[in-house]
Amino acid sequence: MDDVEVCGLAEDLAEFTAEVFAWLTRSGWQERAGQYLRGLMLDGRRKSIQPMAGRMHAVNDQALNHFVTNSPWDVTAVRRQLARRLDPAIGPHAWAVDDTGWLKCGAASPCVTRQYTGTAGKVTNCQVGVSLNLVTDTASCPVDWRLFLPETWDPASRKAAGDVTERRSRARIPRQVTHREKWRLALDMIDEVIGWGLTPPLVVADAGYGDAAEFRQGLDDRGLTYVVGVAATHTAFTQDTQRSAPPYKGAGRRPPLIYREPAPSLLKHLLAAGRHTACTVTWRDGSRRRGAKPSKLRSRFVFLRVRPASNVHRRAVDFGDLPVRWLIAEWPPGEPEPTRYWLSNLPADTPHRTLVRLAKLRWRIEHDYREVKTGLGLDHYEGRTWMGWHHHTTLVSAAHGFLTLQRLDPKTPAPA
């Protein structure tokens, strides 16, 4: 956005800043927050502090840097206000969890190490942040974040780097912050946002989270519905599979009922069902157009009812009957086997089109990552502190939230 466009939103931005940053009561903090949001929204190649301050008149870059890097304001209070403001406006169909990477050259930034990130599509030197986004097909926004702390940054881990204590001290990482798997961070955020008074309609995630049976069981334990991606190698029984026991010989304790045969992989279940069981499903309008109408997104899918059979699920039911879940697999024409898989605990009578639409809804978080990176400088922050990273991501989320609200409810232009 150019300066004229941002200035035209000055009144709305001031109201939004006063509401979302209401807990920032120290002198100058709300003003700095408003300046930072404006700087993030202005056109410019770099959205780090000095270039942003240079594009805004009468803004002290040192004061802005201190506000982001060192000022002890609470990101949780701001994120809570942001989530409460956006939830009724967006009316999310799901909460999406995923992670994205910040590519780095050096080793000083908090939690940077060589690790995989989808941003680069490979193992590289980077930070990784996990986010929770409120999403529909047409609107979305990240409202909570966690910076993933690798084991090399955890002094209690056997993989800890030799200089981990010194590096943590320089980055000002709180003592209580330790390594937690990304799926655990996702559950932490879900619990936190629920604690803010919001109710998740559904949780969606890719296989990076769905492959963790503990994550799926954690959602079940919380009474939450989900549609999550999984790998084809996970195992399951058919819906009709029953536990059994060998004949009782009349002496000693009766043998327990158990699933006596090995559970096949999801791929084997689908190959056994066959390509002919796939049906065409259209789930939403695409971004491309065919003449005056938008093109439709459609593909072929197989839907099965199965009992996921991981040890995590078996222990959760005390080795009793495993619950039945939806297995959704995309099997495009011409492919020898399905290309994508999802598991869901939605009810048995859920329409197939609804299952696919919700499975595909996770794409919206990629849209958010693209917007906050290319438009709002999410990965442009050059600070090297734990607090600075969390301040910056919170401010970027607030800027994205403000623009989302503007798109959802644009002001009627004044008459000429």
Side-chain angles (χ1 to χ4, degrees), residues 48-49 65-80 97-120 122-132 142 144-193 195 205 208-209 211-218 221 311-312 315 378-397:
S48 50
I49 292 173
N65 181 66
H66 178 76
F67 168 72
V68 177
T69 304
N70 300 314
S71 297
W73 53 275
D74 182 12
V75 296
T76 302
V78 174
R79 292 172 182 175
R80 180 175 61 242
V97 294
D98 205 348
D99 52 81
T100 188
W102 283 251
L103 306 184
K104 296 291 181 179
C105 293
S109 298
C111 303
V112 67
T113 193
R114 287 189 59 79
Q115 57 190 321
Y116 178 82
T117 172
T119 302
K122 62 180 181 180
V123 173
T124 188
N125 199 58
C126 64
Q127 297 168 305
V128 172
V130 183
S131 75
L132 185 153
D144 208 4
W145 288 92
R146 293 291 187 275
L147 179 56
F148 172 68
L149 188 135
E151 290 183 89
T152 54
W153 282 79
D154 185 350
S157 171
R158 289 180 295 177
K159 297 181 181 180
D163 60 347
V164 62
T165 301
E166 180 184 351
R167 294 173 72 189
R168 287 177 64 104
S169 177
R170 286 199 304 264
R172 303 178 204 170
I173 298 176
R175 186 186 300 266
Q176 69 272 19
V177 176
T178 59
H179 169 74
R180 286 177 70 75
E181 297 91 336
K182 294 167 193 171
W183 64 265
R184 292 188 193 276
L185 297 178
L187 289 176
D188 290 345
M189 289 189 293
I190 289 169
D191 289 339
E192 182 170 61
V193 179
Y209 296 84
D211 278 344
E214 297 91 342
F215 177 69
R216 287 182 275 125
Q217 187 59 51
D221 293 343
N311 286 332
V312 171
R315 288 192 294 268
L378 178 68
D379 53 357
H380 292 184
Y381 180 63
E382 296 174 350
R384 295 178 175 179
T385 66
W386 174 269
M387 184 183 296
W389 186 93
H390 285 83
H391 284 168
H392 174 70
T393 53
T394 301
L395 288 157
V396 170
S397 292

- Message: Taking salt bridge (charged side-chain N to carboxylate O under 4.0 Å, His left out) as the cut-off, I'd like each qualifying pair that reaches into residues 380-394, sequence neighbours left out, listed once.
- Response: R46-E382
- Query: For H390, what residues pass the ring pair (Phe, Tyr, Trp, His ring centres under 6.0 Å) criterion, not counting sequence neighbours?
  - Reply: W386
- Message: Under the side-chain hydrogen bond (donor to acceptor under 3.5 Å, both in side chains) definition, can you give me all pairs with a residue in residues 99-109, not counting sequence neighbours?
- Response: D99-Y209, T100-T119, T100-K373
- Query: Mind checking what makes side-chain contact (heavy atoms from CB on, under 4.5 Å) contact with T76, not counting sequence neighbours?
  - Reply: D74, R80, E192, W196
- Note on the structure: For residues 149-161, the salt bridge (charged side-chain N to carboxylate O under 4.0 Å, His left out) pairs (sequence neighbours left out) are E151-K159
- State which residues pass side-chain hydrogen bond (donor to acceptor under 3.5 Å, both in side chains) with D379; sequence neighbours excluded, sorted by chain then number. none
- Message: Could you work out, with salt bridge (Lys or Arg N to Asp or Glu O under 4.0 Å) as the rule, every residue matching R172, not counting sequence neighbours?
- Response: none
- Item | Where at least one partner belongs to residues 160-169, residue pairs that pass side-chain hydrogen bond (donor to acceptor under 3.5 Å, both in side chains), sequence neighbours excluded | E166-R170
- Message: Taking salt bridge (Lys or Arg N to Asp or Glu O under 4.0 Å) as the definition, give me every residue that meets it alongside D221, ordered by chain and number, with sequence neighbours left out.
- Response: none
- Item | Listed partners of D188 passing side-chain contact (heavy atoms from CB on, under 4.5 Å), at least two apart | R146, R180, L185
- Note on the structure: R216 meets the salt bridge (Lys or Arg N to Asp or Glu O under 4.0 Å) criterion, sequence neighbours left out, with none
- Message: Under the criterion side chain to side chain contact (heavy atoms under 4.5 Å, CB included), I'd like the reasoning laid out for V68 against Y381: C-alpha separation, chi angles, the key distance, then a yes or no.
- Response: CA-CA 10 Å; V68 177; Y381 180 63; 3.7 Å; yes
- Who are the salt bridge (Lys or Arg N to Asp or Glu O under 4.0 Å) partners of E214, not counting sequence neighbours? none
